[in-house]
Each structure stands twice: as structure tokens, then as C-alpha cells.
Amino acid sequence: MSEVYEAPEVIRRMLVNTTALLNCLSPEQRAQAWFPLDSPHRKDWDFVPKPDRTGVPLAVLDRHQRALAHSLLSAGLSTRGYSMALSVMAMENVLREVGAHRFGVAAADMRNPDLYFFSFFGRPSHEDTWGWRVVGHHLSLNYTIVDERFLSVTPCNMGSQPASAGVIAPLQDDDRLGFDLLHALSPRQRSTAVIHHVAPADFVTRQVPLIGKVEYPDYWDLGIPSYVITDEDREALKFEKDTPRGIAVSDLAPEQAEVFWSLAANHLHRMPAAVAERQLERLRDEGADNIFFCWAGGDRQGTSHYYRIQSQRLLFEFDNAIDNGNHIHSMWRDYRNDFGHELLLDHYERERLTGHHLRTRLTSSVPDDEDARRDTGGTRPVGPSSHTT
């Protein structure tokens with residue numbers, strides 16, 4: 001399945017922009033932004049405000065550096081996705097003003113559209129394996145690049161608090177299309193699709209680095225204990241990888257299925273077209289019998305509500321429960337390839353068998369004499385016989 005993740009042109013654009021940005025950072029900024037590929041920070045994709053966020057924030061970048069950072073962010077998204085990310089960031093201005101009566105001048109430090117942090121992992125280079133991330137309040141974009149050929153773009157999260165403010169409504173299509181599908185269902189179909197009358201406070205699968213076989217939602221969203229669910233709610237809402245809940249796409253009429261595919265495409269197309277189209281084709285190839293849509297909570301705007309799209313490989317969760325449906329979290333995950341998990345396993349196995357091109361190209365296949373062997377530190381000759389196990 002690795003061909004599903006092939007995106008060399010997208011990767012090339014990312015690499016060019018990453019190189020330009022890293023080259024113009026000061027040594028201190030680069031130290032803030034650059035980590036080993038195996039750093040535990042790489043898999044901390046939580047999008048809540050944190051005082052100990054890692055990476056270099058937009059706030060400390062000068063005008064040129066900031067332009068390069070935005071060029072990189074744009075390279076990782078479609079035009080629509082980039083405008084959504086900008087809207088998510090801009091919503092921090094709205095939150096600052098809304099919270100001013102509670103937090104006073106401190107609201108300016110808590111709600112700041114410049115507190116989005118860029119991090120780089122590994123060695124951004126031709127034919128190398130590395131990653132990068134942008135994370136801050138309600139935005140978490142995570143990219144893993146393998147051999148300059150394969151690209152993982154999950155976990156992918158965007159949120160919005162409030163759900164809309166004036167003309168800013170970054171996730172209105174996620175919300176609208178979800179309701180369109182729910183309302184298109186017959187009463188019998190809806191009784192199958194609706195799994196519970198209460199919505200979870202946040203994603204059922206939460207922010208775990210790798211989704212397990214079963215996941216339960218938390219009782220409340222972090223820092224917002226005003227909306228609490230019970231043990232019975234958690235049981236009704238739980239995620240089971242091998243036992244999807246809700247209605248299968250195969251049980252939808254053609255016009256209903258068309259709404260479903262519009263909803264799925266809406267989630268995927270925040271990424272570059274080359275990525276989104278491959279993933280949409282992959283989802284269709286799974287077969288309508290293996291893709292499920294479920295709903296929880298209210299059935300109209302202004303109520304707490306939630307939906308989930310679950311296939312054998314992909315998961316989408318949309319939650320709008322807090323403040324009577326005025327606080328959105330929208331997420332897309334890949335069970336086996338969040339943070340490039342399976343791609344990296346395959347890559348390291350190939351490297352174990354054949355060596356890595358970046359190293360083998362610097363190593364003599366058959367050293368000329370004993371001194372040459374000592375110069376290479378006793379490295380085995382690189383040739384067909386050395387690749388056998």
C-alpha cells in the first residue's frame with residue numbers, strides 16, 4: 001500500500017521551503033526548532049494551549065522568516081486548507097476579545113495568532129527521512145517524509161472556538177455536510193446511524209500517538225469541565241477498530257452516498273490535491289461495506305453533536321459539543337501510518353537489508369587494499385552478496 005503515500009512533487013516543495021527557512025534561522029532559533037527524528041516531541045500532537053510548547057513560534061520570526069514559514073505551511077496544504085489554517089489562527093484574535101473580561105491583559109498572551117510553533121525532525125535532505133510539524137491552539141499538522149518519495153500527513157487536526165465569528169468559519173463545511181448527511185437519512189437509517197443521544201466532549205480516540213483497538217472518550221475536554229459525560233456515555237461512544245458503529249455506506253441510497261462522499265472529500269481536500277485524491281481513491285477501494293458513518297448528540301445546529309467516519313484504514317472524527325455546539329474539533333487519522341509509522345518500519349527494514357543510498361554511495365564496493373579497509377572502519381564491502389541475510 002506504500003504507493004498510496006507517494007507524493008514526490010509535494011515533498012519536493014516542502015523540502016525547498018524547509019531548507020530556505022532553516023537556513024535563515026539564527027542558531028538559537030534553529031536549536032528551538034530542530035530535533036532528532038526519534039524525539040518524543042514529534043508524537044505530541046496535542047492542540048491545546050501549552051506553556052511548554054516546543055518548536056519556534058511565529059512570534060519570534062522576522063518578516064522574511066515569517067513569509068518562508070507561511071510558504072512551508074502552504075506547501076503542506078491545499079489552497080483551501082491553507083485558508084482554513086489561517087482562519088483557525090485568526091480566531092485567536094476573536095478569543096482574545098471574548099476572554100478579555102475574564103483574563104484582562106493576560107488574554108493577549110493566552111490568545112495570540114503568533115503562538116503557532118514550527119518543528120523539524122531528522123535531516124531534511126534529498127532521499128532522506130525526516131518530518132515537520134505546525135502546532136498551536138486548534139491546529140496540529142504533522143508530516144513525515146520517507147526517502148523523498150512517501151508522505152504521511154496525519155494526525156491532522158483543525159478546530160474553531162467559536163465555531164464562527166463574522167465571516168470567519170473555518171470548519172463550517174465539516175459541520176454543514178455532516179448535518180446534510182444525517183438529515184438525508186430515513187428514520188430507519190437514522191436509528192442505525194445514531195449511536196447515542198449524548199456527544200463526547202472531544203475526540204473519542206483523544207490524542208494518543210497510535211490508535212488502539214479500543215478507545216474511550218475522556219469525561220470532559222481538557223480545561224473545560226462544564227461539559228461532562230458519564231461512564232454509560234463513554235461505553236456507548238467508545239471506538240472499536242474491529243467493530244465499526246453506525247450505518248454502512250453500502251446501506252445508503254445513491255443520492256445519500258453522494259452526500260457521504262462529499263463529506264469525506266471535504267475532510268481530505270484540506271491537503272494538497274495529489275495527497276487528497278490518492279487517499280479518496282484508497283477510501284473508495286475499501287468498499288462501501290467497510291465504511292461506516294455514525295452520529296451522537298443533537299440533530300440540529302445549536303446542540304452538542306458529533307460524527308465519525310470509520311473505515312478499515314482511516315478515521316475521521318468531528319466534535320462540536322462544548323458551549324451547545326459552538327466549539328469544533330475536526331480530525332483525520334490513519335491507523336497504521338500516523339507519523340509514518342508503517343512507512344518507517346518498511347524503510348528501516350529495507351535499510352537493514354540493502355543499506356541506505358546516502359551511505360552506500362560513500363562506501364567502496366570492494367576496497368582496493370588493506371589500508372582502504374582500515375579507512376572505512378572495517379565496513380563490509382557493499383555489493384550483491386553483502387545484501388543477503
Side-chain angles (χ1 to χ4, degrees), residues 25 28-61 66 69 72-73 76 84-100 102-121 131-144 154-162 170-171 200-211 215 217-227 317 319 321-323 327-333 338-339:
L25 295 181
E28 294 76 18
Q29 290 171 328
R30 197 175 297 123
Q32 279 184 273
W34 207 345
F35 304 90
L37 188 62
D38 61 358
S39 167
H41 296 307
R42 189 170 79 91
K43 294 186 179 181
D44 178 5
W45 65 283
D46 205 348
F47 48 83
V48 297
K50 287 187 174 186
D52 56 349
R53 184 76 71 190
T54 55
V56 62
L58 287 169
V60 304
L61 302 183
R66 186 175 297 223
L72 176 57
L73 178 59
M84 290 170 68
L86 294 179
S87 297
V88 170
M89 294 175 172
M91 195 66 83
E92 292 296 283
N93 289 313
V94 176
L95 268 179
R96 182 188 63 245
E97 297 307 308
V98 169
R102 291 178 60 198
F103 303 112
V105 294
D109 292 323
M110 295 174 59
R111 309 301 189 188
N112 187 335
D114 285 339
L115 291 182
Y116 290 85
F117 293 73
F118 285 71
S119 299
F120 304 90
F121 304 92
W132 65 282
R133 178 184 71 197
V134 181
V135 67
H137 188 218
H138 281 160
L139 185 67
S140 181
L141 303 171
N142 301 273
Y143 301 92
T144 305
T154 57
C156 171
N157 169 78
M158 292 186 181
S160 181
Q161 179 191 8
L171 297 165
D202 193 7
F203 304 139
V204 171
T205 54
R206 307 174 319 287
Q207 283 76 43
V208 296
L210 193 65
I211 297 174
E215 299 288 357
D218 283 335
Y219 289 98
W220 61 81
D221 192 11
L222 188 65
I224 312 177
S226 56
Y227 184 94
E317 287 191 79
D319 186 77
I322 306 301
D323 195 19
H327 186 154
I328 296 174
H329 293 167
S330 184
M331 174 270 286
W332 164 27
R333 300 198 67 173
D338 280 347
F339 302 107

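- A donor-acceptor pair under 3.5 Å is absent between the side-chain atoms of Asn142 and the main chain of Phe339, judged by distance alone.
- Between the side chain of Tyr143 and the backbone N or O of Gly76 there is at least one donor-acceptor pair closer than 3.5 Å.
- Summarising the geometry, atom OG belonging to Ser226 is positioned 5.5 Å from atom CD1 belonging to Ile322; distances are rounded to the nearest 0.5 Å.
- A heavy-atom distance below 4.5 Å is found between the side chains of Cys156 and Leu141.
- To the nearest 0.5 Å, atoms CD1 (Ile328) and NE2 (His138) are separated by 9.5 Å.
- Note that CZ of Phe117 and CG of Leu139 are 12.5 Å apart. Values are rounded to the nearest 0.5 Å.
- Taken to the nearest 0.5 Å, the NE2 atom of His327 stands 6.0 Å off from the CG atom of Asp221.
- Here Gln32 pairs with nothing under the side chain to side chain donor-acceptor pair (under 3.5 Å) rule; sequence neighbours left out.
- Inter-residue side-chain proximity for Glu92 and Leu115 is flagged as unmet; no heavy-atom pair is nearer than 4.5 Å.
- The minimum heavy-atom distance linking Pro200 with Asp319 is given by the pair O-OD1, 2.6 Å.
- Counting all heavy atoms, side chain and backbone alike, Pro170 lies closest to Met91 at CD-CE, 4.0 Å.
- Contacts of Ala69 classified as side-chain contact (heavy atoms from CB on, under 4.5 Å), with partners at least two apart in sequence or in another chain: Leu21, Leu58, Leu61, Phe118.
- Take His137 and apply the ring-ring contact (aromatic ring centres under 6.0 Å, His included) test, not counting sequence neighbours, and it matches no residue.
- In this structure, Asp323 and Pro162 have side chains that are not in contact, with every pair of non-hydrogen atoms separated by 4.5 Å or more.
- Scanning for salt bridge (charged side-chain N to carboxylate O under 4.0 Å, His left out) contacts around Asp202 gives an empty result, with sequence neighbours left out.
- Shown here are the salt bridge (charged side-chain N to carboxylate O under 4.0 Å, His left out) partners of Glu215, two or more places apart in sequence or in another chain: Arg206.
- Considering all non-hydrogen atoms of both residues, Ala321 and Ala201 come closest at CB-CA, 4.3 Å.
- Judged as a side chain to side chain donor-acceptor pair (under 3.5 Å), the pairs with a partner in residues 43-58 (not counting sequence neighbours) are, in order, Asp44-Lys50, Thr54-Arg133.
- Remark: Arg66 pairs with Asp114 by the side chain to side chain donor-acceptor pair (under 3.5 Å) rule, at least two apart or across chains.
- Listed here is the closest heavy atom pair of Val56 and Ala33: CG1-CB, 3.6 Å.
- Under the ring-ring contact (aromatic ring centres under 6.0 Å, His included) criterion, Tyr227 pairs with no residue, sequence neighbours left out.
- For the atom pair OG1 of Thr205 and CD of Glu317, the computed distance is 3.5 Å after rounding to the nearest 0.5 Å.
- Separation of atoms CD (Gln207) and CG (Leu222) is listed at 8.5 Å; rounding is to 0.5 Å.
- Contact record, Leu73 with Ala85: CD2-CB, 4.5 Å, taken as the closest heavy-atom pair.
- In this view, Phe35 and His41, Phe121 satisfy the ring-ring contact (aromatic ring centres under 6.0 Å, His included) rule, not counting sequence neighbours.
- Across every non-hydrogen atom of Asp338 and Pro209, the tightest pair is CB-O, 4.0 Å.
- Residues forming a side chain to side chain donor-acceptor pair (under 3.5 Å) with Thr144 (at least two apart in sequence, or on another chain): Arg42.
- Tyr116 is listed as a side-chain neighbour of Val88, based on a closest heavy-atom distance under 4.5 Å.
- Residues satisfying the side chain to side chain donor-acceptor pair (under 3.5 Å) test with Asn93, not counting sequence neighbours, are Arg96.
- A search for ring-ring contact (aromatic ring centres under 6.0 Å, His included) contacts involving Phe203 returns Phe47, His329, not counting sequence neighbours.
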